[in-house]
Amino acid sequence: MLDKLQVLEDKYQDLTEKISDMEIINDQKLWQKYMKEHADLEPIVFKYREYKNVLNDLSESKAILAEESDEELRELAKMEIADLEDKVEPLEDELKILLLPKDPNDEKNVIVEIRGGAGGDEAALFAGNLFRMYSRYAERRRWKMELLSATDTGVGGYKEVSFLIKGKGAYSRLKYESGVHRVQRIPATESGGRIHTSTATVAVLPEVEDVEIDINPNDLRIDVFRSSGNGGQSVNTTDSAVRITHIPTGEVVSCQDGKSQLKNKEQALKVLKARLYDKALAEQQGELAAERKSQVGTGDRSERIRTYNYPQGRVSDHRINLTLYKLEQFLDGDLDEMIDALITEDQTKKMTAI
């Protein structure tokens, strides 16, 4: 591990010199490339330097203890050694985590798609609850959210809704949300007070750059139609809604939230690229079954990941056996405790698998 860390520090130092070189600064594309590499290395290099300083101070304190005859100085050295030794293992653990292979999508924006599952209107209402939950979480993180498309039920729920969340590290935190979410509660229409179980499916897709996935325009069938909804300007008046079909895969994306046909086409293409990229990624991961087993979540949308129990005010994540008795706060976007636990478990499993 130390050899690898030293190589990274040497590379960081080399990049530090390069980004200060006027010849490279004048080549903005190259300079930006080096700046990104430099910034990516900085956290681990700074932690490694902190670790080396602790080891160096520990070595000096041990030398003082071995050579010094003054009892007072020896006691101070012992205290210093004990304090420094307590720092070594936590720093080593942090460095191991920083050395774990990074998901190349972690820093990307995300496209979230929520669909009501089993449960009819109650499932659609739950999809609406999840949409609000992620909207509130985005607000808490100061991320920007943009609605892409929605099919509402007219009773406050959604058959399906998709939206874009823009923010640094959005995918790194929200990727664990893919899967089946289950709700247990008494529907408003239930006169007998019986608890019903309904589900909604969440898919979290990294936003894809044009260079990452190439779509042949000849493989697309684009249809335009009139937007449908609960009224309002531009609804049912112009053919602004767009439906794109990717002929080779049969993947269909519709977008009607924007007021212009061009905007809806751009948004639909964005979603289509994300879905095709997600499929390619899933196929690649399917070939790496052993690696998938070491991860908290496979991203499989058929995997039941979480239950929201209203009568008991609890939310339980089945992948890490964590239950929080703060359902109301959770649905208001207070997700960090759960997400942090998922990230920690994922990192622990990956470290064990190394």
Side-chain angles (χ1 to χ4, degrees), residues 106-117 119 121-185 187-188 198-207 229-230 257 267 271 274 296-297 299 301 304-320 322-344:
D106 272 353
E107 295 304 308
K108 291 183 178 178
N109 301 327
V110 295
I111 291 171
V112 182
E113 299 181 329
I114 304 172
R115 290 181 174 83
D121 284 346
E122 179 63 13
L125 286 169
F126 180 47
N129 295 144
L130 292 177
F131 173 55
R132 182 184 181 278
M133 180 180 81
Y134 293 125
S135 301
R136 293 286 293 121
Y137 183 62
E139 287 175 20
R140 287 169 181 259
R141 303 289 301 188
R142 296 188 178 180
W143 292 338
K144 184 180 177 183
M145 200 193 82
E146 185 179 328
L147 185 65
L148 298 178
S149 67
T151 305
D152 62 51
T153 58
V155 292
Y158 292 97
K159 289 180 182 177
E160 59 180 75
V161 58
S162 63
F163 50 98
L164 173 68
I165 293 181
K166 297 180 180 179
K168 184 174 174 60
Y171 185 75
S172 70
R173 298 194 67 78
L174 290 174
K175 63 183 176 182
Y176 302 101
E177 297 300 301
S178 284
V180 176
H181 295 240
R182 182 176 69 169
V183 64
Q184 295 172 328
R185 63 186 176 189
S198 305
T199 63
T201 302
V202 175
V204 179
L205 316 173
E207 186 184 22
N230 296 320
D257 193 65
Q267 300 289 37
V271 174
V296 167
R301 296 177 202 175
R304 192 189 74 194
I305 64 168
R306 194 175 296 148
T307 296
Y308 303 73
N309 185 291
Y310 274 65
Q312 296 178 21
R314 63 175 169 83
V315 55
S316 303
D317 196 287
H318 308 297
R319 296 163 294 179
I320 56 176
L322 175 63
T323 295
L324 303 176
Y325 288 89
K326 51 181 227 180
L327 179 60
E328 189 176 334
Q329 298 97 307
F330 196 86
L331 288 168
D332 193 44
D334 186 7
L335 309 185
D336 277 332
E337 184 177 355
M338 183 72 79
I339 290 175
D340 287 341
L342 286 161
I343 291 171
T344 299

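Ile305 places a side-chain heavy atom less than 4.5 Å from the side chain of His181. In this structure, the side chains of Glu160 and Ile114 stay at 4.5 Å or more apart for every pair of heavy atoms. With contacts defined as side-chain heavy-atom distances shorter than 4.5 Å, the pair Val112/Val202 qualifies. Side-chain contact between Val183 and Asn129 is absent, with no heavy atoms from C-beta onward closer than 4.5 Å. Annotation: side chain of Glu146 is not in contact with side chain of Ile165 (no heavy-atom distance under 4.5 Å). Annotation: side chain of Asn109 is in contact with side chain of Leu164 (closest heavy-atom distance under 4.5 Å). The closest side-chain heavy-atom distance from Leu324 to Met338 is below 4.5 Å. Looking only at side-chain heavy atoms (C-beta outward), Tyr176 and Asp317 stay at 4.5 Å or farther from each other.
In this view, Lys144 and Lys166 satisfy the side chain to side chain contact (heavy atoms under 4.5 Å, CB included) rule, not counting sequence neighbours. For Phe126, the ring-ring contact (aromatic ring centres under 6.0 Å, His included) criterion is met by Tyr308, not counting sequence neighbours. Residues meeting the salt bridge (Lys or Arg N to Asp or Glu O under 4.0 Å) test with Arg173, sequence neighbours left out: Asp336, Asp340. Remark: Asp334 engages Lys326 in a salt bridge (Lys or Arg N to Asp or Glu O under 4.0 Å) (not counting sequence neighbours). Residues satisfying the side chain to side chain donor-acceptor pair (under 3.5 Å) test with Tyr158, not counting sequence neighbours, are none. Not counting sequence neighbours, the partners of Ser162 by the side chain to side chain donor-acceptor pair (under 3.5 Å) test are Ser149. Residues satisfying the side chain to side chain contact (heavy atoms under 4.5 Å, CB included) test with Thr344, not counting sequence neighbours, are Thr348. In this structure Lys168 satisfies the side chain to side chain contact (heavy atoms under 4.5 Å, CB included) test together with Glu107, sequence neighbours excluded. Scanning for side chain to side chain contact (heavy atoms under 4.5 Å, CB included) contacts around Gln184 gives Arg182, Ile195, Thr197, Thr307, Asn309, Arg314, with sequence neighbours left out. Here Tyr310 pairs with Arg185 under the side chain to side chain donor-acceptor pair (under 3.5 Å) rule; sequence neighbours left out. For Asp332, the salt bridge (Lys or Arg N to Asp or Glu O under 4.0 Å) test picks out Arg132, Arg136, Arg140, with sequence neighbours left out. Judged as a ring-ring contact (aromatic ring centres under 6.0 Å, His included), and not counting sequence neighbours, the contacts of Tyr137 are Trp143.
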**Message:** Go through it in stages, so that I can follow the logic: the residues are Tyr325 and Leu327, the test is side chain to side chain contact (heavy atoms under 4.5 Å, CB included), and I'd like the CA-CA distance, side-chain angles, deciding distance and then a yes or no.
**Reply:** CA-CA 6 Å; Tyr325 288 89; Leu327 179 60; over 6 Å; no
**Asked** Taking it one step at a time, do Met133 and Leu335 satisfy side chain to side chain contact (heavy atoms under 4.5 Å, CB included)?
**Response** CA-CA 9 Å; Met133 180 180 81; Leu335 309 185; 3.8 Å; yes
**Item:** Residues Lys159, Arg115; criterion side chain to side chain contact (heavy atoms under 4.5 Å, CB included); working and verdict
**Value:** CA-CA 6 Å; Lys159 289 180 182 177; Arg115 290 181 174 83; over 6 Å; no
**Working for side chain to side chain contact (heavy atoms under 4.5 Å, CB included), residues Leu148 and Ile111** = CA-CA 9 Å; Leu148 298 178; Ile111 291 171; 4.0 Å; yes
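Summarising the geometry, atom CG belonging to Leu205 is positioned 14.0 Å from atom NZ belonging to Lys175; distances are rounded to the nearest 0.5 Å. Taking CG of Leu147 as the start and CZ of Phe163 as the end, the distance is 8.5 Å to the nearest 0.5 Å. Atom CG of residue Leu342 and atom CD1 of residue Ile320 lie 4.0 Å apart, to the nearest 0.5 angstrom. In this structure, CG in Leu322 is found 9.5 Å from CZ in Arg306, a value given to the nearest 0.5 Å.
The shortest non-hydrogen separation linking Val204 to Ser178 is N-OG, 2.9 Å. Looking at every heavy atom in both residues, Ala274 comes nearest to Pro206 through CB-O, 3.8 Å. Residues Glu177 and Ile339 share a closest heavy-atom pair of OE2-CG1, 4.2 Å. Closest approach of Leu130 to Ala200, counting heavy atoms only: CD1-CB, 3.8 Å. Residues Ile343 and Ser172 share a closest heavy-atom pair of CD1-O, 4.2 Å. Of all heavy-atom pairs spanning Ser135 and Met145, the tightest one is OG-SD, 3.3 Å.
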